[in-house]
Asks: 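Below is a structure I'd like to ask you about.
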Amino acid sequence: MDILADLNPSQREAVQAIEGPLLILAGPGSGKTRVITHRIAYLIREVQVSPYHIVAVTFTNKAAREMRERLERLLGGRTQGLTVGTFHATCARFLRRDIEHLGRDRSFVIYDADDQEALIKQVLKDLQLNDKQYRPGALLGRISRAKSEMVGPAEFVKHTESYWEEVCSRVYERYQKLLLDRNALDFDDLLLTPVQLYQQHPDVLARTQDRIVHLLVDEFQDTNLVQYELVKLWGDQLRNIFVVGDEDQGIYSWRNADIANIQRRFRQDYPERREIILTRNYRSTRTILDAAQSVIARNPDRTDKQLVTEKVAGPAITLYEAYDESEESDYVALEIARLYREGALNWGDMAVMYRTNAQSRAIEDALVRRGIPYKLVGGTRFYQRREVKDVLAYLRLAHNPADAGALERVINVPRRGIGQRTQDELVRWARRLDVSTYEALKKLRAAPGEDVPISGRAARPLLDFARLVDELVEAAGRLTVPELLDLVLERTAYSEYIRDGTEEGEGRWENVQELRTVTAEYVTRSPDEGLSAFLEEVALVSDVDSLEEQPQAVTLLTLHTAKGLEFPAVFIVGMEEGLLPHSRSIEAPAQLAEERRLCYVGMTRAKDHLYLLHAFRRTLYGNSRVNDASRFLKDVPTQLIAGRQVRGERPLSRPASSESRGAWRAPATTPVRATPAWQEPAAPAPATPRGITFKAGDKVRHSKFGEGTVINSEVTRDDEQVTVAFVGAGVKKLLVSYAPLEKIPA
DNA sequence: TCAACTGCTCTTTTT
DNA sequence: GAGCAGTTGA
């Protein structure tokens, strides 16, 4: 099989250029994953590079897994020794190895968001700060940014720009000290620690560099400064650095990704680099591509890539203005049903995308009502679920009873009568003795009553808990992970605790069962690895592969999670000012540019059908607001748009143009020029005399009340009032300008 | 210690 | 509108 066979010239060039730094600017749908995997295969098969000398970095575990699978297929068994993983997983691996090499015995635990928050609250308590005024999330965000920029506490304190930052620097310092005390690294430390290690031990860096002959990085636009530094250090010896990305798809600045890495830094630091632009798009129709291009083109400071495609122009983009979110959802559901019936599309070929998760609810309602199967991407991930984390915390304790984060989490879960007061007392006492909380527990047992601030009654459950931990620690030495998990469940009576008779309780129990399945699979997959490796793997993974995922279902997801995916039909809902772009991003130009990229990412997910929707009125967070159409819609050339539908109930404050008013046009499949109502008409719209749009006998549909028949219609002062007999909801009187009412053509 | 209540906040999400 | 964290009262 020829690795280069199906590649276009640019892709081929990217695969074959084997030496020196390479910057690949890859547009959406340009087959960049393919380029990376084929390049790795090419290096191994044609250039005879040992897999051991290749390190490929991705951003998600999913991407890493997909890359490994593709390589397995491409190379058969010749992937032994190849490193393909996320930055974090790669760093964790290197760190363990390097620490061992240095002869240091310092195992570490990885702190996730929950552990971090608990720790920062501890810090606030210690420093006697009010967690209302100094919100843990905000502090953690600032600390994370500092770490991403490789600014330590000592450096941070020198550059504080406000009182808040000053407080933050104190929090940072103490937080970092506590992490060290607990032998814990948070996710940012996982990246930062290797960099610091290399600075202190050049020999360790040299060893690492010897190993890395080829370094490949995917989604380079998502790297932060530490990651950039790692790339530089890792690949510095031979400078065979291959980075692939698209500045137009950089949508993660809020988690400290710095798009300047791909835009500027790489070019500055590697003047000898080669640049290849992949402009051929294999995904979208000409129409969709043109529309997306005209949206992204308005961003400043970007390298324009004229995307080309061989696909046909395809159907025009459908723009739809709904009255409110429920009508918007109804339209989407109806259209999905229609595409399913007439468009030869299966449920799985369609996706609905939105800016915020809160928007999914209305869509779900509409889909449920019509019996359309759907799956929601996102929400609470498996390893973030309370019950899963609880059980994992017990496993962590069994592995390392000094794991303070785990101990705090489950000391009273399930309830065993150890209240907050007792816990505080225990922690304080442990601090005074300068031992871990677990050590303190053991002391309590050895010398009850003696100089101990905890009374006999409160001490009993503590002693029971200590005994439990001891038993688990002992068992961890001889049991497999699933056996240990069973022991945890049995000893804590977790099933009784979690299954409270409700449906949610059963669901939680199922998750625990699922976790047991994960451990069982782990044991079969890696029989030589123990509890420690399992816990690390789990800490670096956010989700579990669902086995019985229903294959044919409409996908509901945020624009962020849509990156990297594609669907024949895409609906983007809520294209309104304040939502997309989001109100929090409208002020700052840089953030606004990112919103635009987000819109671009969403649009370019579509292969054939693209629907852009906005609602005139939207209820969000409990209050209803009138929103203008998104400014991004204005950038889509009107000749690419069809199927506008503007109905009579537009409010009086925003009179509809005569052309669109009352005109009910079915979505067309050929481009149609129309003056969208969200664009001001060239000439002021003539005052349209209001007439009667409904008459007795008309069949109508209302987004809430369903279908009905008009009984009567009369003109009021400046509106029209219709009386409708609804099939399910009875007789209602409605004002045409406000009611989400549409006429069903006979 | 726990259940009921109150008030606050509500962008995006991976590791 | 709803979910969550923190507070209050028993």
Side-chain angles (χ1 to χ4, degrees), chain A residues 57-64 85-93 110-118 121 130-132 135-138 140-141 144 147-148 185-192 219 222-224 226-227 250-257 325 353-362 365 377-384 386 412 414-423 457-458 461 504 536-543 557-564 574 578-586 588 591-592 594-595 597-599 601-602 618-624:
Chain A
V57 192
T58 60
F59 266 78
T60 62
N61 285 296
K62 191 170 160 231
T86 61
F87 269 104
H88 291 84
T90 308
C91 282
R93 232 171 102 183
I110 298 168
Y111 263 28
D112 69 7
D114 276 18
D115 299 320
Q116 284 180 296
E117 196 176 318
K121 282 184 177 161
N130 179 346
D131 65 358
K132 288 262 156 43
R135 299 238 301 283
L140 276 170
S144 172
K147 288 184 177 182
S148 301
L185 298 181
D186 65 20
F187 281 117
D188 297 307
D189 289 337
L190 218 42
L191 306 175
L192 191 52
E219 307 283 16
D222 289 338
T223 48
N224 63 26
V226 190
Q227 288 162 334
I251 52 175
Y252 285 112
S253 74
W254 48 274
R255 57 183 207 215
N256 307 315
E325 71 276 0
M353 301 176 185
Y354 34 80
R355 177 68 235 264
T356 69
N357 280 309
Q359 290 168 259
S360 74
R361 204 195 192 105
D365 285 351
V377 179
T380 311
R381 292 193 147 65
F382 185 72
Y383 288 110
Q384 262 160 263
R386 205 191 66 206
N412 197 31
R415 298 248 142 79
R416 48 174 73 89
I418 304 175
Q420 195 55 54
R421 190 70 182 276
T422 313
Q423 285 180 47
R457 205 163 77 104
E504 295 94 73
E536 174 160 319
E537 187 176 301
V538 157
L540 293 170
V541 159
S542 77
D543 223 337
L557 72 181
T558 64
L559 290 162
H560 281 92
T561 34
K563 195 166 82 169
L579 210 48
L580 182 68
H582 196 272
S583 52
R584 297 212 174 185
S585 305
I586 282 178
Q591 288 189 51
L592 190 64
E594 183 149 314
E595 297 285 311
R597 292 195 289 270
L598 195 52
C599 181
V601 165
R618 183 176 298 275
T619 307
L620 210 58
Y621 306 133
N623 45 12
S624 175

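Naming convention: chains lettered A, B, ... in sequence-line order (proteins, then strands); numbering from 1 in each chain. The basis for the numbers below is simple: all heavy atoms, side chains too, and nothing from hydrogens, waters or symmetry mates.
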Asks: Whole angstrom is fine here: how far is it from CD1 in A:Ile251 over to C1' in B:dT12?
Replies: 8 Å
Asks: For A:Ala539, what residues pass the side-chain contact (heavy atoms from CB on, under 4.5 Å) criterion, not counting sequence neighbours?
Replies: A:Ile110
Asks: Only counting residues at least two apart or in another chain, list the ones meeting salt bridge (charged side-chain N to carboxylate O under 4.0 Å, His left out) with A:Glu594.
Replies: A:Arg597
Asks: Excluding sequence neighbours, so at least two apart, what forms side-chain hydrogen bond (donor to acceptor under 3.5 Å, both in side chains) with A:Gln227?
Replies: none
Asks: I need the OH-C1' distance between A:Tyr354 and B:dT12, as an integer number of Å.
Replies: 12 Å
Asks: Base, sugar-phosphate, or nothing: which does A:Glu595 touch, judged by heavy atoms less than 4.0 Å apart?
Replies: base
Asks: What integer distance in Å separates A:Leu140:CG from B:dT14:P?
Replies: 18 Å
Asks: Atom CZ of A:Arg255 and atom C1' of B:dT11: how far apart are they, to the nearest Å?
Replies: 13 Å
Asks: Without decimals, in angstroms, what is the distance between A:Ile110 CD1 and B:dT14 P?
Replies: 17 Å
Asks: Below 4.0 angstrom from OP1 or OP2 of B:dT14, is there any side-chain N or O of A:Arg381?
Replies: yes
Asks: Mapping A:His582 and A:Asn412 to their closest nucleotides on DNA chain B, which lands nearer the 5' end?
Replies: A:Asn412
Asks: Classify the nucleic acid contact of A:Thr619 as base, sugar-phosphate or nothing, counting any heavy atom under 4.0 Å across all strands shown.
Replies: nothing
Asks: So do A:Glu595 and A:His582 actually touch side chain to side chain, heavy atoms under 4.5 Å?
Replies: yes
Asks: Picking from B:dT1, B:dT14, B:dT15, which would you name as closest to the side chain of A:Thr422?
Replies: B:dT1
Asks: How would you list, by chain and number, every residue that makes a side-chain hydrogen bond (donor to acceptor under 3.5 Å, both in side chains) with A:Glu537, sequence neighbours excluded?
Replies: A:Arg525
Asks: With sequence neighbours excluded, what pairs up with A:Ser144 under the side-chain contact (heavy atoms from CB on, under 4.5 Å) test?
Replies: A:Ser148, A:Asp188, A:Asn256
Asks: What N/O pairs connect the protein and nucleotides 4-9 of chain B at under 3.5 Å? Give each pair on its own line.
Replies:
none

Asks: A:Asp188 has an atom CG; how far is it from atom P of B:dT13, in whole Å?
Replies: 18 Å
Asks: Got a sec, which residues hit side-chain contact (heavy atoms from CB on, under 4.5 Å) with A:Arg415, two or more places apart in sequence or on another chain?
Replies: A:Asn412
Asks: Just call it for A:Asn224: base, sugar-phosphate, or nothing, with non-hydrogen atoms closer than 4.0 Å on any strand.
Replies: nothing
Asks: Describe the nucleic acid contact of A:Lys563 in one word from base, sugar-phosphate, nothing, applying a heavy-atom distance below 4.0 Å.
Replies: nothing
Asks: Rounded to whole Å, how long is the line connecting atom NZ of A:Lys147 with atom P of B:dT15?
Replies: 19 Å
Asks: Tell me, please, which residues at least two apart from A:Asp112 pass side-chain contact (heavy atoms from CB on, under 4.5 Å).
Replies: A:Asp114, A:Asp115, A:Phe187, A:Lys389
Asks: Answer yes or no for this row: A:His88 ring on B:dT15 base, centroids under 5.5 Å, planes under 30°.
Replies: no
Asks: Side chains of A:Leu592 and A:Ser585: closer than 4.5 Å at any heavy-atom pair?
Replies: no
Asks: Distance check needed: B:dT14 C1' versus A:Asp186 CG, whole Å only.
Replies: 14 Å
Asks: Describe, in one word, how the ring planes of A:Phe87 and A:Phe59 are oriented to each other, choosing from parallel (under 30°), tilted (30 to 60°) and perpendicular (over 60°).
Replies: perpendicular
Asks: With a non-hydrogen cut-off below 4.0 angstrom, is A:Asn357 in contact with a base, only sugar-phosphate, or nothing?
Replies: sugar-phosphate
Asks: Checking A:Gln423 now: which residues fulfil side-chain hydrogen bond (donor to acceptor under 3.5 Å, both in side chains) with it, not counting sequence neighbours?
Replies: none
Asks: Measure from the side-chain N and O atoms of A:Asn61 to the backbone N and O of A:Leu540, and report whether any donor-acceptor pair falls under 3.5 Å.
Replies: yes
Asks: Identify which nucleotide among B:dT13, B:dT1, B:dT15 has an atom closest to any side-chain atom of A:Thr86, counting heavy atoms from C-beta outward.
Replies: B:dT15
Asks: Give one of base, sugar-phosphate or nothing for A:Leu580, where a contact means two heavy atoms less than 4.0 Å apart.
Replies: nothing
Asks: How would you label the contact of A:Asp222 with the nucleic acid (heavy atoms, under 4.0 Å): base, sugar-phosphate, or nothing?
Replies: nothing
Asks: Is it true that the NZ or CZ of A:Arg381 lies under 6.0 Å from the centre of A:Tyr383's six-membered ring and within 45 degrees of the ring axis?
Replies: no
Asks: How would you label the glycosidic angle of B:dT12: syn (within 90° of 0) or anti?
Replies: anti
Asks: Identify, with sequence neighbours excluded, every residue that meets side-chain hydrogen bond (donor to acceptor under 3.5 Å, both in side chains) alongside A:Thr561.
Replies: A:Thr558
Asks: Is A:Trp254 stacked against the base of B:dT12, taking the criterion as centroid distance under 5.5 angstrom and interplanar angle under 30°?
Replies: yes
Asks: Does B:dT13 have OP1 or OP2 sitting under 4.0 Å from an N or O in the side chain of A:Thr558?
Replies: yes
Asks: Describe the nucleic acid contact of A:Phe59 in one word from base, sugar-phosphate, nothing, applying a heavy-atom distance below 4.0 Å.
Replies: sugar-phosphate
Asks: Tell me, please, the opening and closing nucleotides of DNA chain C, 5' to 3', among those with an atom under 4.0 angstrom from a non-hydrogen atom of chain A.
Replies: C:dG1 to C:dG6
Asks: By nearest nucleotide on DNA chain B, pick out whichever of A:Arg415 and A:Glu594 is the more 5' one.
Replies: A:Arg415
Asks: In this structure, which stretches of DNA chain C are paired as stems of three or more consecutive Watson-Crick or G-U pairs, both distances less than 3.5 Å?
Replies: B:1-10 with C:1-10
